[in-house]
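Just the heavy atoms: all of them, side chains too, but no hydrogens, waters or symmetry mates, feed the values below. Both counts, for ligands and for their atoms, begin at 1 and track the order of listing.
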Amino acid sequence: MRVRRATTLGFCGGVRRAIKIVSAEASKRGEPIYSLGQTVHNPQVVKQLAEKGVYEVGSLEAVQGRVVSITAHGAAPWVAEEVKAQGFELVDATCPLVTDVHSAVANLKDDGFKVIVYGDPGHTEVKGIVGWAAGEAVVVSPDQDPQQWEPPFPIKTNTKIGIVSQTTQDVQSFSQFVATLSARFVGRIRELRVLNTICQPTVLRQEAALKLAGEVDAMVVIGGRRSANTRRLWELCLAAGKPAYWIETLEELDPGWFTPDQVVGVTAGASTPDWLIDQVIERLEAL
Ligand code: SF4
């Protein structure tokens, strides 16, 4: 069996940066850091961070120390305010590309736009983005049919709509969503402003996965179950018409999925560590 690796896969700059920030702070301070949620959406990385003194907590009530961190996915502005108000020290590991989306929606809101966020309503990043639009943004899930979707605000000739995307969404689906909304509303409103906030590392991983999926017999996608960008990679590989297997750990890899004459492609989400990718490739090559 031959194994091919996507030209771009695994850790993005934002994830590397977040891990570096919290690890360095824990070591420099010599005391634990409590992360409000997973610093990055990968359980193996979260486990390694815990060994360095960075612990995941669900809320401020669970913090047992002095230092609290915000994850790579960012948070609503009031989260940092609350952290400081309760006397904790703040370590902010928000990816700068997520911060760009925060600024974008805050500006749209200030300029009188109704803000639409294309993304997963339950995802940490999306909740944070909504917070930066003063909590008033409308989230439209990729699962929703944009032809059927009705805005929860009146459509008038002076209405202005601004659209952004969760950084890890699929470019093609976002384009289709925007095109449909544009066809439905542009003639009835004053302005439709679209900001492409899908991050470049996501685009590169998607393009590389799609290209590879077109050239191999099956794809293995490695990444955390809660990783939105890993899910997207897996969906893209399936949409390319190839069997695609999403695994989080090496143990989940089933040799029965493949036959010896096959060429298998490997890709991985932006929060999947290099050592895990190498382990999986090594095992596949040994089959
Ligand atoms: S996927 Fe994009 S937005 Fe998310 S951490 Fe990586 S670079 Fe930042």
Side-chain angles (χ1 to χ4, degrees), residues 6-25 35-46 48-49 54 56 69-77 79-80 91-106 117-133 137 139 142 163-174 195-210 221-237 246 248 267-274 276-277:
T7 48
T8 311
L9 78 175
F11 272 3
C12 62
V15 162
R16 279 191 206 282
R17 180 179 172 275
I19 293 169
K20 199 170 161 192
I21 288 175
V22 292
S23 308
E25 286 288 339
S35 171
L36 291 175
Q38 294 189 336
T39 300
V40 304
H41 278 163
N42 184 279
Q44 290 73 36
V45 174
V46 169
Q48 286 184 331
L49 284 174
V54 182
E56 178 195 351
S69 64
I70 287 178
T71 74
H73 304 102
V79 174
V91 172
D92 189 355
T94 307
C95 172
L97 300 182
V98 174
T99 307
D100 285 350
V101 192
H102 294 168
S103 309
V105 294
V117 183
Y118 179 77
D120 302 327
H123 194 280
T124 317
E125 181 194 319
V126 173
K127 290 180 187 167
I129 294 170
V130 171
W132 282 88
V139 181
I163 306 178
V164 298
S165 171
Q166 182 181 2
T167 55
T168 49
Q169 285 295 327
D170 162 40
V171 178
Q172 293 305 327
S173 310
F174 180 55
L195 300 172
N196 172 18
T197 51
I198 297 175
C199 74
Q200 200 56 22
T202 290
V203 175
L204 292 176
R205 277 156 190 72
Q206 290 177 359
E207 285 176 353
L210 254 184
V221 184
I222 317 164
R225 292 274 163 231
R226 287 170 64 186
S227 162
N229 72 84
T230 304
R231 169 173 293 281
R232 225 78 62 209
L233 290 175
W234 175 65
E235 288 170 348
L236 279 175
C237 295
W246 177 0
E248 189 175 279
T267 185
S271 46
T272 307
D274 298 341
L276 188 51
I277 300 170

* Structure fact -> Protein N/O/S atoms closer than 2.8 Å to atom 6 (Fe) of ligand 1, ordered by chain and number, come to Cys12 SG
* Structure fact -> Counting from 1 in the order shown, the ligand 1 atoms closer than 4.0 Å to a non-hydrogen atom of Val98 are 3 (S)
* **Note: Arg226-Asp120 ion pair, threshold 4.0 Å (strictly below)** => no
* To do: Report yes or no: do Thr167 and Glu125 form a side-chain donor-acceptor pair below 3.5 Å?
  => yes
* **Any side-chain heavy-atom pair of Arg232 and Arg205 under 4.5 Å** => no
* **Within-4.5 Å side-chain heavy-atom neighbours: Thr230 and His41** => no
* Asked: Considering all heavy atoms of both residues, which atom of Ala18 and which atom of Val40 are nearest to each other, and what is their separation?
  -> CB-CG1, 4.4 Å
* Does any non-hydrogen side-chain atom of Thr39 lie less than 4.5 Å from one of Val45? -> no
